[in-house]
Amino acid sequence: MISRNGMVGMQKIRTFYEKSLEKYDTLSKDIAHRTPQELFISDQEFLFDYKKFKTVDFGGVVIEGLKEITEIKMEQLPNLHSIKILNC
């Protein structure tokens, strides 16, 4: 799995799930509504399944709860447009 800024995605999942819990509490009890647990995924459930895959994340922050982390250091390549090619 390849991701960019996976931690930001996890924070959004957590925020949306918490909002769904808050909104569910304000719904009318006269109508049987599905619970947020049935409709949405929590960040803990997502992380549980996310850990099953090998992941490459191009973000600067590592997702909390991931055990095996291999850091890859990359250097910027020289700008090929600045290289002059001479005819020999």
Rounded to the nearest 0.5 Å, what's the gap from [atom1] on [X] to [atom2] on [Y]? Could you check?
X: I13; Y: F46; atom1: CD1; atom2: CZ; result: 4.5 Å
X: S20; Y: D25; atom1: OG; atom2: CG; result: 9.5 Å
X: E45; Y: Q37; atom1: CD; atom2: CD; result: 8.5 Å
X: T35; Y: L21; atom1: OG1; atom2: CG; result: 9.0 Å
X: K52; Y: L47; atom1: NZ; atom2: CG; result: 11.5 Å

Practice item. Kindly confirm or rule out a cation-pi arrangement of K29 over Y24, judged by NZ or CZ under 6.0 Å from the six-membered ring centre and within 45° of its axis? Key: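 Ring-cation test returns yes.
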Flag yes if M10 and I41 sit in one hydrophobic cluster, no otherwise; membership is Ile, Leu, Val, Met, Phe, Trp, Tyr, and two members link when side-chain heavy atoms are under 4.5 Å apart.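 The answer is yes; both residues are in one hydrophobic cluster.
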Quiz prompt | Path from Y17 to L39 over hydrophobic side-chain contacts below 4.5 Å | solution =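 Looking at the clustering, L39 is in the same group as Y17.
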With a 4.5 Å limit on heavy-atom distance, are the side chains of H33 and I31 in contact?
-> yes
Looking at side-chain heavy atoms only, is the closest gap between K23 and L27 below 4.5 Å?
no
Shortest non-hydrogen pair, R34 vs E38, comes out as CA-OE1, 3.7 Å
Which pair of non-hydrogen atoms, one from R14 and one from D43, has the smallest distance, and what is that distance?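 Here R14 and D43 meet closest at NE-OD2, 2.7 Å.
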